[in-house]
Protein chains: 2
Amino acid sequence: MKLVKIYECLCDETRLRLLNVLAQGPLCVCHFQAVLREPQVKISKHLAYLKQRGLVTCEREGNWMVYALPAKPPRELAANLACLQDCAGENPVFRRDLARLRKLAPKLSATGPSCCATVKTR
Amino acid sequence: MKLVKIYECLCDETRLRLLNVLAQGPLCVCHFQAVLREPQVKISKHLAYLKQRGLVTCEREGNWMVYALPAKPPRELAANLACLQDCAGENPVFRRDLARLRKLAPKLSATGPSCCATVKTR
DNA sequence: AAACCATATACCTATTAAGGAATATAGTTC
DNA sequence: GAACTATATTCCTTAATAGGTATATGGTTT
C-alpha cells in the first residue's frame with residue numbers, strides 16, 4: 001500500500017473521524033450518521049473513498065452496510081492508524097464522537113458487529 | 001497544530017521525500033535538488049508549502065536557504081514524523097534519496113548545518 | 001409487486017493543489 | 001554598481017476533491 005495514498009485518505013477531517021470511530025469496531029452507515037451528525041451523502045461518499053483505497057472493508061447485512069477496518073492491514077496502514085489513535089485522544093471532536101458512540105453502545109450487540117442489523121435480530 | 005493540516009502536508013510524494021531527507025538534518029535547496037533530482041521550482045514550492053504550515057523552519061545563510069525540521073515539534077507532528085520514518089525505510093525511493101544524501105555527506109560539514117554555505121566556509 | 005428502508009451514485013459548483021515557464025528577489029562577489 | 005548565484009514568486013493550465021441536491025440501487029416487508 002502506497003504511503004501517499006494513506007495520507008490522502010487521512011487529510012480530510014470527516015475521514016479521520018470515521019477512522020477514529022471505526023477503531024472501536026465495525027459500524028453501519030446510519031450509526032456513523034448518528035455519531036458524526038453529518039448527512040448521509042457525506043458519510044457514504046467518504047466511506048466509498050476509503051474503501052476504494054483499501055482503508056476500510058464493508059459487508060452487507062440486509063439493508064445495512066457494515067464498515068470495518070481491514071482485518072490484517074499492511075504495516076504502513078497499521079502504523080498510521082495507531083499514530084492516529086495516539087493523536088486523536090486530545091482532540092475534542094474525536095472525543096465527542098466516541099462519547100456519542102458509547103451512548104449508542106448499549107443498544108448494540110456486545111458480540112456481533114455493532115450495527116443496526118445486530119440490534120434488530122436480538 | 002491541526003492533525004488534518006499535517007496530513008495535507010504528507011499527502012504528496014515530493015513533500016514526503018523532503019521530510020524524509022530532513023530527518024537526517026538541515027539542508028539547503030540546492031542539495032535537495034541534487035538528492036531528489038527534481039527541478040528547483042518544484043522543491044522550492046513544496047518547501048514553502050511545508051513552511052507555511054509549520055512543518056519546517058528555514059534560515060538564510062548567505063545565498064542559501066537552509067531548511068530544517070522544527071526544533072520542538074508539537075506532539076502530533078513528532079508522532080507522525082516518527083511514523084513516517086518507521087514506514088519510509090521500506091520504500092525504494094526514500095532509500096535512494098538517503099543514499100544520494102550520504103554520497104553528498106562527505107562534502108558536508110559534520111558539525112554545522114549540512115549545507116553549501118558550510119561547505120564553502122570550511 | 002408495491003411500498004419502504006438504508007445506502008450509493010450522478011451531476012453540479014467551488015476550491016485547492018500540482019507542475020512548468022518565465023521572472024523577480026536577496027544576497028554575494030568582483 | 002554590475003554581474004552572478006541561489007531561491008522565491010507569478011501566471012498559467014490541468015486535475016482532484018469536497019459538498020450539496022436529486023435520483024438510483026439493492027434488499028426487505030407486507
Side-chain angles (χ1 to χ4, degrees), chain A residues 2 4-18 22 26-53 55-68 104 108 113-121, chain B residues 2 4-18 22 26-53 55-68 104 108 113-121:
Chain A
K2 271 221 123 195
V4 179
K5 291 295 167 190
I6 295 179
Y7 289 126
E8 281 172 0
C9 288
L10 298 181
C11 74
D12 175 273
E13 179 165 6
T14 306
R15 290 196 290 266
L16 284 185
R17 293 172 72 193
L18 291 172
L22 270 181
L27 211 65
C28 67
V29 178
C30 63
H31 280 154
F32 278 118
Q33 288 179 240
V35 169
L36 302 204
R37 305 246 172 108
E38 296 283 354
Q40 183 258 323
V41 212
K42 192 168 173 180
I43 302 241
S44 223
K45 280 204 283 192
H46 282 298
L47 284 171
Y49 186 104
L50 291 172
K51 189 189 160 200
Q52 201 199 334
R53 285 156 182 83
L55 285 245
V56 303
T57 63
C58 72
E59 194 179 346
R60 180 176 278 277
E61 286 204 18
N63 270 333
W64 298 270
M65 273 296 203
V66 181
Y67 284 84
L104 215 64
L108 305 173
S114 330
C115 170
C116 316
T118 318
V119 179
K120 270 216 152 184
T121 55
Chain B
K2 270 221 126 197
V4 179
K5 291 295 167 190
I6 295 179
Y7 288 127
E8 280 172 1
C9 288
L10 299 180
C11 73
D12 175 273
E13 179 164 6
T14 304
R15 290 195 291 265
L16 285 185
R17 293 172 71 194
L18 292 172
L22 271 181
L27 211 63
C28 66
V29 178
C30 62
H31 280 153
F32 276 120
Q33 286 179 241
V35 169
L36 302 204
R37 305 249 173 106
E38 296 282 356
Q40 183 258 326
V41 211
K42 193 168 173 181
I43 303 242
S44 223
K45 279 205 283 194
H46 282 297
L47 283 171
Y49 187 105
L50 290 172
K51 188 189 161 202
Q52 200 199 336
R53 284 157 183 83
L55 285 246
V56 303
T57 63
C58 73
E59 193 179 348
R60 182 176 277 277
E61 286 204 16
N63 271 332
W64 298 270
M65 273 297 203
V66 181
Y67 284 85
L104 216 65
L108 305 174
S114 329
C115 171
C116 315
T118 317
V119 179
K120 271 214 150 185
T121 56

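Residue numbering restarts at 1 for every chain, and letters A, B, ... go by the order of the sequence lines.
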K.L.:
Of all residues at least two apart in sequence or in a different chain, which pass the side chain to side chain contact (heavy atoms under 4.5 Å, CB included) check with B/A68?
P.N.:
B/P26, B/T57
K.L.:
Give the minimum heavy-atom separation between A/F32 and A/L27, together with the two atoms involved.
P.N.:
CE1-O, 3.6 Å
K.L.:
Rounding to a whole Å, what distance do you find between A/Y49:OH and D/dA16:P?
P.N.:
11 Å
K.L.:
Which parts of residues 6-17 of chain B get close to DNA chain C, meaning a heavy atom less than 4.0 angstrom away?
P.N.:
B/D12, B/R15
K.L.:
Rounding to a whole Å, what distance do you find between A/Q52:CD and C/dA8:C1'?
P.N.:
13 Å
K.L.:
Just to confirm, is there a sub-4.0 Å distance from OP1 or OP2 of D/dA8 to any side-chain nitrogen or oxygen of B/Y67?
P.N.:
yes
K.L.:
Using atom CG of B/L47 as one end and atom P of D/dT7 as the other, report the distance to the nearest whole Å.
P.N.:
10 Å
K.L.:
How many Å lie between CZ on B/F32 and P on D/dA8, as a whole number?
P.N.:
11 Å
K.L.:
Enter the distance from A/L18:CG to A/L50:CG here, rounded to the nearest 0.5 Å.
P.N.:
6.0 Å
K.L.:
So, using side chain to side chain contact (heavy atoms under 4.5 Å, CB included) as the criterion, who are the partners of A/Q52 when residues are at least two apart?
P.N.:
none
K.L.:
Which value, rounded to the nearest 0.5 Å, describes the distance between A/E59 atom CD and A/C28 atom SG?
P.N.:
13.0 Å
K.L.:
What is the separation between atom CG on B/L27 and atom C1' on D/dT7, rounded to the nearest whole Å?
P.N.:
14 Å
K.L.:
Dump the pairs, protein N or O against N or O of nucleotides 3-5 of chain C, anything under 3.5 Å, distances to one decimal.
P.N.:
| residue | atom | partner | partner atom | Å |
| --- | --- | --- | --- | --- |
| C/dC5 | O2 | A/N63 | OD1 | 3.4 |

K.L.:
Among residues 36-46 of chain A, which residues get a heavy atom nearer than 4.0 Å to DNA chain D?
P.N.:
A/P39, A/V41, A/K42, A/K45, A/H46
K.L.:
May I ask you to evaluate whether B/R60 reaches the phosphate of C/dT28, defined as a side-chain N or O under 4.0 Å from OP1 or OP2?
P.N.:
no
K.L.:
A/E59 CD to C/dA8 P: how many Å, rounded?
P.N.:
13 Å
K.L.:
Round to a whole Å and report the spacing from NE2 of B/H31 to C1' of D/dA6.
P.N.:
12 Å
K.L.:
Under the side chain to side chain donor-acceptor pair (under 3.5 Å) rule, collect the residues that match up with A/E38, sequence neighbours excluded.
P.N.:
A/R17, A/K42
K.L.:
Compare all side-chain heavy atoms of B/L55 with those of B/Y49 and state whether any distance is below 4.5 angstrom.
P.N.:
no
K.L.:
Kindly list each side-chain donor-acceptor pair under 3.5 angstrom involving residues 6-15 of chain A, sequence neighbours excluded, with atom names and distances?
P.N.:
| residue | atom | partner | partner atom | Å |
| --- | --- | --- | --- | --- |
| A/Y7 | OH | A/N80 | OD1 | 3.4 |
| A/D12 | OD1 | A/T14 | N | 2.9 |
| A/D12 | OD1 | A/R15 | N | 3.1 |
| A/R15 | NE | A/C9 | O | 2.9 |
| A/R15 | NH1 | A/H46 | ND1 | 3.1 |
| A/R15 | NH2 | A/E8 | O | 3.1 |

K.L.:
Looking at A/Q40, I want to see if its CD is surrounded by more than 12 non-hydrogen atoms of other residues, nucleotides or ligands under 6.0 Å.
P.N.:
yes
K.L.:
Hey, what do you get for SG (A/C30) to CE (A/M65), rounding to the nearest 0.5 Å?
P.N.:
12.5 Å
